[in-house]
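Okay, structure first, notes after.
A note on names: the letters A, B, ... follow the listed sequences, proteins ahead of strands, and every chain is numbered from 1.
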Amino acid sequence: MKKRVVRFVEKAVAVVAAARGFKSSDLPEIGIELPREKAFGDFSSNIAMQLSGCWKDNPRAIGAALKDELDKEADLARVTIAGPGFINMTLELSCWHRRLQEIMGQGADFARLDYGRGRRVLVEFVSANPTGPLHIGHGRGAAVGDVLARLLKRTGFAVDREYYVNDAGNQMMVLGRSLRWRYLELLGRRQGEIPDGYYRGDYLLEMAKELLANQGAELVAANIDEEDETGIEFFTKLAADDILVGIRDDLDLFGVEFEHWTSEKEFFTSGRVDAALADLKKTEVLYEEEGAVWFASSRFGDEKDRVVVRANGVKTYFASDIAYHREKYERGYDLLIDIWGADHHGYVPRLKAAIEALGNEPESFAAILVQLVSLSRGGTPVAMSTRSGEFVTLEEVVKEVGKDAARYFFLTRRSDSQLEFDLELAKSRNNDNPVYYAQYAHARICSILRKAKEEGLKPNPDKTSFGASLILPEELDIIKKLDNFTALLESAARTLEPHRITYYLDELAAQLHSYYNRNKVITEDLQVSGDRLLLVDTIRQVINICLTLLGVSAPEKM
RNA sequence: GCGCCAGUAGCUCAGCUGGAUAGAGCAACGGACUUCUAAUCCGUAGGUCGAGCGUUCGAGUCGUUCCUGGCGCGCCA
């Protein structure tokens, strides 16, 4: 609808520009907004103010000239000039009624946009080290990443989700040592507290017990000396594989699926890290100093240069990450989105530098930083640390509060603002939980539709009289809100901010609840009932789309 | 010390590419179920948008300087 109004204004501006002898080529872009105040009409434009500078005339005079042109449009019921020069426009009611019918007619395909024009996007998220179960912080990343992927898909991107398994490096050795220690502990060959720096979560103890039960003591114990690192690789692989299975299960429970699981280790073994470094070397951004190989990331805006190969010959995590992102581009993606914990923000400039050094557009890479989730229980902070084993797992939370509430909760805030997750609050199944509000609206409409069906009524399909009885201000507001959904999705996709869906949904649900309490949908009047059924059914449809985007169920009864 | 993110109602937070009189939920207070689902609704009250300066027709939004909080500044991942 907005685009139609933009065209009206464009046309008017072109006519007036021609009359005043200005070229149509150097006109500013037409901005159309939804005014805050209803009294200002359906749409408003500030174009007169923008033109006043280059046309050397006052905004109200320009506005008046534009108004004369706009008054010729049959679909515009009213055009006024207000304040410093706003052009306020009100559409004919019939336009809104037609729009409602149109939205309903598009069904589940409403707001399926072509904004992305088929560009290929890779959204990489969670990517937690396979050193322990996913905790609540990973849950936030999972929710944001998954919903963002769904959003981009709907707005016209070709999207893949990817989990990068960080199965290389020191941490994996520590994991192996930790499991081996637990195993030896069960055999009575280790006593006391597990050493500092080891992972001490209960899951490793459980794993060790299972290992002992399945494989016995001799199989692996025979060759293990008290002190050396014998068998570490065996334990590492065992632990990592087992944990990864658990991670997949947890994400499955959370409703998150990945198209790809990529292993960091394979980048080393396949020689891709070396190939990436060779590429960088060609562009002369690598140099040696103090025995190490450095990447001159400071030339691309990073605060200092970074080591890619240590003096001991071992390549850094950064080196494999360069290879990883290089490979993403090779796979043909136009846009890379990485979702990281905000504590990794210092890492963004160097990766961006590498991406640029490899000849890619810096704008084709975006890192979304998700702030930490601070955990509390009934208002008391809970410490979280994988190594100490003190944390609440994602699995635990999902099982307690349900997938719907958990996912929704993570999207009630924009990602760069910190989120406090109170376990007591989340676990309590009371009415404070915002997800029920939207779901209830959906169930309520379904209930109305059931009742209508019993009475032989259905949403008005009549192409000539549809919606004509929808004349209440709140009805018009709802239609506008429904119409605005496409713009909302587009802006959410443009800014990569999936939380906007949640807020929109909440507002739409509020409008429905309010409308429901004020008006009866099923009345004596067949025309009115049919039109109102059309209205609420369309609301239901859009709520359904929102909930689907959020990965939250849309119950027909509650 | 440098950098990133945040600072909006008592609390938790929205505020779309700068737009007109700054919003919601919770908490507080007062109302609405013989009615299509009260997991709801309606009303009241609550603000120098951290502070200053600047940019312009116009700033919560942009620039800049401070203040406060979180995080990061490794040849760890």
How should the glycosidic conformation of B/C33 be described, syn or anti, under the criterion that syn lies within 90° of 0? syn
Interatomic distance where OH belongs to A/Tyr437 and P belongs to B/C13 [whole Å]: 20 Å
Does a nitrogen or oxygen in the side chain of A/Lys304 sit under 4.0 Å from OP1 or OP2 of B/G74? yes
For the residue pair A/Gln511 and A/Tyr516, confirm or rule out a side-chain donor-acceptor distance under 3.5 Å. no
Between atom CE in A/Met49 and atom P in B/U56, what is the gap in whole Å? 16 Å
Does B/U21 have a Watson-Crick or wobble mate here (both distances under 3.5 Å), and if so which one? none
Hey, does the side-chain of A/Asp343 have a donor or acceptor N/O within less than 3.5 Å of a partner on the base of B/G72? no
Compare every heavy atom of A/Ala319 with every heavy atom of A/Leu277, then report the nearest pair and how far apart it is. CD2-CB, 4.5 Å
For the residue pair A/Tyr515 / A/Glu475, report whether a side-chain donor-acceptor contact shorter than 3.5 Å exists. yes
Identified pairing partner of B/G69, criterion: Watson-Crick or G-U wobble below 3.5 Å: B/C5
Nucleotide nearest A/Asn170 when distance is taken to its side chain, options B/C36, B/C76, B/C13: B/C76
Across every strand shown, the nucleotide meeting Watson-Crick or G-U wobble geometry with B/G10 (both distances under 3.5 Å) is B/C26
Given the P atoms of B/G60 and B/C16, what is the spacing between them in whole Å? 12 Å
When rounded to the nearest Å, what value does the distance between C1' atoms of B/C73 and B/A77 take? 16 Å
B/A9 to B/C49 separation - P atoms, rounded to the nearest Å: 10 Å
Which of B/U21, B/G19, B/C36 is nearest the side chain of A/Glu33? It is B/G19
Per atom distances to the A/Arg500 side chain, the nearest of B/G72, B/C36, B/G15 is B/G15
Is A/Thr412 side chain donor-acceptor paired with the B/A14 base, going by distance under 3.5 Å alone? no
Rounding to an integer number of angstrom, what distance separates B/U65 and B/G74 when you compare their P atoms? 24 Å
Checking N1-N3 plus N6-O4 or O6-N4 for Watson-Crick, or N1-O2 and O6-N3 for wobble, each under 3.5 Å, the partner of B/U55 is none
Is the base of B/A20 touched by the side chain of A/Asn88 through a donor-acceptor pair closer than 3.5 angstrom? yes
Interatomic distance where CD belongs to A/Glu288 and C1' belongs to B/C75 [whole Å]: 13 Å
Does one side chain, of A/Asp531 or A/Gln527, offer a donor that lies under 3.5 Å from an acceptor on the other? yes
Could you tell me how far B/C29 sits from B/A20 if I compare only their P atoms? Round to whole Å. 34 Å
May I have the distance from A/Arg518 (atom CZ) to B/A32 (atom P), rounded to whole angstrom? 17 Å
Verify whether one side chain among A/Glu264 and A/Ser320 offers a donor that lies under 3.5 Å from an acceptor in the other. yes
Taking atom types as modelled, is there a side-chain donor on A/Glu474 or A/Asn519 under 3.5 Å from an acceptor on the other? yes
Side-chain N,O (A/His499) to OP1/OP2 (B/G15) below 4.0 Å: yes
Given atom CD of A/Glu497 and atom C1' of B/G15, what is their separation to the nearest angstrom? 11 Å
Ranking B/U40, B/C75, B/G19 by distance to the side chain of A/Glu290, first place goes to B/C75
For B/C36, the nucleotide meeting Watson-Crick or G-U wobble distances (both under 3.5 Å) is none
d(OH, A/Tyr408; P, B/G25) in whole Å: 13 Å
In terms of side-chain heavy atoms of A/Asp506, which of B/C73, B/A77, B/A24 is nearest? B/A24
Roughly how far apart, to the nearest Å, are B/A32 and B/U8 at atom C1'? 32 Å
Over all strands shown, is A/Lys451 touching base, sugar-phosphate only, or nothing at heavy-atom distances under 4.0 angstrom? sugar-phosphate
Between B/C75, B/A14, B/A77, which nucleotide gets closest to the side-chain atoms of A/Ala292? B/C75
Strictly below 4.0 Å: does A/Tyr516 bring a side-chain N or O up to OP1 or OP2 of B/A38? yes
Counting the atoms with a prime plus P, OP1 and OP2 as sugar-phosphate, which does A/Tyr440 contact under 4.0 Å by heavy atoms, base, sugar-phosphate, or nothing? base
Using whole Å, report how far NE2 of A/His345 lies from P of B/C4. 9 Å
Side chains of A/Ser415 and A/Gln371: donor-acceptor distance under 3.5 Å anywhere? no
Taking atom types as modelled, find out whether A/Ser178 and A/Arg200 have a side-chain donor-acceptor pair closer than 3.5 angstrom. no
Please tell me which of the listed nucleotides, B/C75, B/C71, B/A24, lies nearest to the side chain of A/Leu372? B/C71
A/Phe40 stacking on B/A20: centroids under 5.5 Å, ring planes under 30°? yes
As a test of reading the structure: which of B/U21, B/A77, B/A14 is closest to the side chain of A/Arg310, going by heavy atoms? B/A77
Starting the side chain at C-beta, find the nucleotide from B/C36, B/C75, B/A38 nearest to A/Ile522. B/C36
If only side-chain N and O atoms count, and only distance matters, is there a donor-acceptor pair under 3.5 Å linking A/Ser529 with A/Thr523? yes
Whom does B/C49 pair with, Watson-Crick or G-U wobble, provided both distances fall under 3.5 Å? none
Any A/Arg306 side-chain nitrogen or oxygen under 4.0 Å from OP1 or OP2 of B/G74: no
Interatomic distance at P, B/C71 relative to B/U48, whole Å: 29 Å
Interatomic distance where CG belongs to A/Asn484 and P belongs to B/G15 [whole Å]: 14 Å
Taking only N and O in the side chain of A/Ser417, is any of them less than 4.0 Å away from OP1 or OP2 of B/A14? yes
Nearest to the side chain of A/Arg350, which nucleotide is it out of B/C36, B/G23, B/A77? B/A77
Examine B/A22: is either OP1 or OP2 under 4.0 Å from a nitrogen or oxygen in the side chain of A/Arg36? Give yes or no. no
Expressed in whole Å, how much space separates the C1' atoms belonging to B/C13 and B/A22? 14 Å
